[in-house]
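Everything numeric in this text was worked out from a predicted model, so none of it was measured. Heavy atoms only: backbone and side chains are in, while hydrogens, waters and symmetry mates are out.
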Amino acid sequence: QVQLVESGGGVVQTGDSLRLSCVVSGNDFSLHGMGWFRQAPGKERDLVAAISWTGSVPYYSESVKGRFTISRDNDKNTVYLQMNRLKPEDTAVYYCALNSQLRSGSRAIRLPENYDHWGQGTQVTVSS
């Protein structure tokens with residue numbers, strides 16, 4: 001059974017940084033792309049960052065590009081999201097997700113419909 005457990009959320013002020021972590025178990029983590037999604041109240045869940053199975057190809061939405069960095073440590077079965085220069089509009093529940101495609105590359109990681117396992121989410125609140 002695949003399990004994803006996020007951590008690292010919290011309440012910060014505008015301009016602060018946070019690092020989210022997601023530990024994956026029950027699957028061959030190293031063969032799958034990973035993504036970070038977020039959902040604000042009353043809004044849809046959006047893909048904000050993703051990384052290929054090799055870790056060499058990242059993807060970022062325009063709203064976070066230049067501020068967020070996704071990375072992975074296959075030895076620890078963990079994916080990270082480093083979030084810098086946080087803004088109030090970054091406030092949301094953040095979810096990590098596992099891409100269903102083996103060896104998911106640059107195209108597969110951009111497609112939200114390819115993610116089929118999810119963590120429970122971690123709240124990030126940025127105050128102004």
Distance-only donor-acceptor pairs under 3.5 Å for side chains of residues 9-21, two or more places apart:
from: T14; atom 1: OG1; to: S127; atom 2: O; distance (Å): 2.9
from: D16; atom 1: OD2; to: Q13; atom 2: N; distance (Å): 3.0
from: S17; atom 1: OG; to: N84; atom 2: OD1; distance (Å): 3.0

Shortest non-hydrogen separation from [X] to [Y] and the atoms involved:
| X | Y | result |
| --- | --- | --- |
| N74 | W53 | ND2-O, 3.9 Å |
| A40 | A92 | N-CB, 3.8 Å |
| W36 | L47 | O-CD1, 3.5 Å |

Problem set entry | Any donor-acceptor N/O pair, R67 side chain to Q82 backbone, under 3.5 Å |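 Side chain of R67 to backbone of Q82: no pair is present.
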Exercise. Is a side-chain donor or acceptor of Y60 paired with a backbone partner of I70 at a separation under 3.5 angstrom?
Worked result: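 Confirmed, Y60 side chain pairs with I70 backbone.
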Exercise. Would a hydrophobic clustering, with Ile, Leu, Val, Met, Phe, Trp and Tyr connected at side-chain separations under 4.5 Å, put I51 with Y80?
Worked result: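 In one cluster: no.
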Exercise. Under a 4.5 Å side-chain heavy-atom rule over Ile, Leu, Val, Met, Phe, Trp and Tyr, are L81 and I109 clustered together?
Worked result: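 No, L81 and I109 fall in different hydrophobic clusters.
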For this session: Would you please name every residue forming a ring pair (Phe, Tyr, Trp, His ring centres under 6.0 Å) with Y115, sequence neighbours left out?
Result: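 F37.
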Problem set entry | Residues that Q123 engages under side-chain contact (heavy atoms from CB on, under 4.5 Å), provided they are two or more places apart |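 Q123: side-chain contact (heavy atoms from CB on, under 4.5 Å) contacts with T91, V93, T125.
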For this session: Report the residues that fulfil side-chain contact (heavy atoms from CB on, under 4.5 Å) with S106, sequence neighbours left out, ordered by chain and then residue number.
Result: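 Testing S106 for side-chain contact (heavy atoms from CB on, under 4.5 Å), a comparison that skips the adjacent residues, returns V57.
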List in chain and number order the residues that pass side-chain hydrogen bond (donor to acceptor under 3.5 Å, both in side chains) with [X], two or more places apart in sequence or in another chain; answer none if no residue qualifies.
| X | result |
| --- | --- |
| S56 | T54 |
| R110 | none |
| D116 | none |

Exercise. Who passes salt bridge (charged side-chain N to carboxylate O under 4.0 Å, His left out) against R107, sequence neighbours left out?
Worked result: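 None.
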Problem set entry | Under the salt bridge (charged side-chain N to carboxylate O under 4.0 Å, His left out) test, residues paired with E62 that sit two or more places apart |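 Here the qualifying residues are K65.
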Let me check something: any side-chain donor-acceptor pairs from residues 95-102 under 3.5 Å, sequence neighbours excluded? List them with distances.
from: N99; atom 1: OD1; to: Q101; atom 2: N; distance (Å): 3.0
from: N99; atom 1: ND2; to: A108; atom 2: O; distance (Å): 3.1
from: S100; atom 1: OG; to: N114; atom 2: O; distance (Å): 2.9

Problem set entry | Quiz item: cation-pi between R45 and W118, 6.0 Å / 45° |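 Yes, a cation-pi geometry holds between R45 and W118.
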Problem set entry | Gap between atom CZ of R103 and atom OG of S52 - 0.5 Å precision |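 The OG atom of S52 sits 12.5 Å away from the CZ atom of R103.
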Exercise. Could you give the distance from CG (L31) to OG (S104), rounded to the nearest 0.5 Å?
Worked result: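 It is 9.0 Å, given to the nearest 0.5 Å.
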For this session: Provide the full list of salt bridge (Lys or Arg N to Asp or Glu O under 4.0 Å) pairs with a residue in residues 23-38, sequence neighbours left out, each pair given once.
Result: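 The answer is R38-D90.
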For this session: Just grab all the disulfide bond (SG atoms under 2.5 Å apart) pairs involving residues 97-128, residues at least two apart or on different chains.
Result: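 Disulfide bond (SG atoms under 2.5 Å apart) check on residues 97-128 returns no pairs.
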For this session: Flag yes if more than 12 heavy atoms outside Q1 fall under 6.0 Å of its CD atom; otherwise flag no.
Result: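 Open.
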Problem set entry | Reference residue Y94; test side chain to side chain contact (heavy atoms under 4.5 Å, CB included); the match among M83, E6, Q39 |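 Going through M83, E6, Q39 one by one, the side chain to side chain contact (heavy atoms under 4.5 Å, CB included) with Y94 is satisfied by M83 alone.
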For this session: Check the side chains of N27 and H32 for a donor-acceptor pair under 3.5 angstrom, ignoring hydrogens and angles.
Result: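 The criterion, which ignores hydrogens and geometry beyond distance, is satisfied for N27 and H32.
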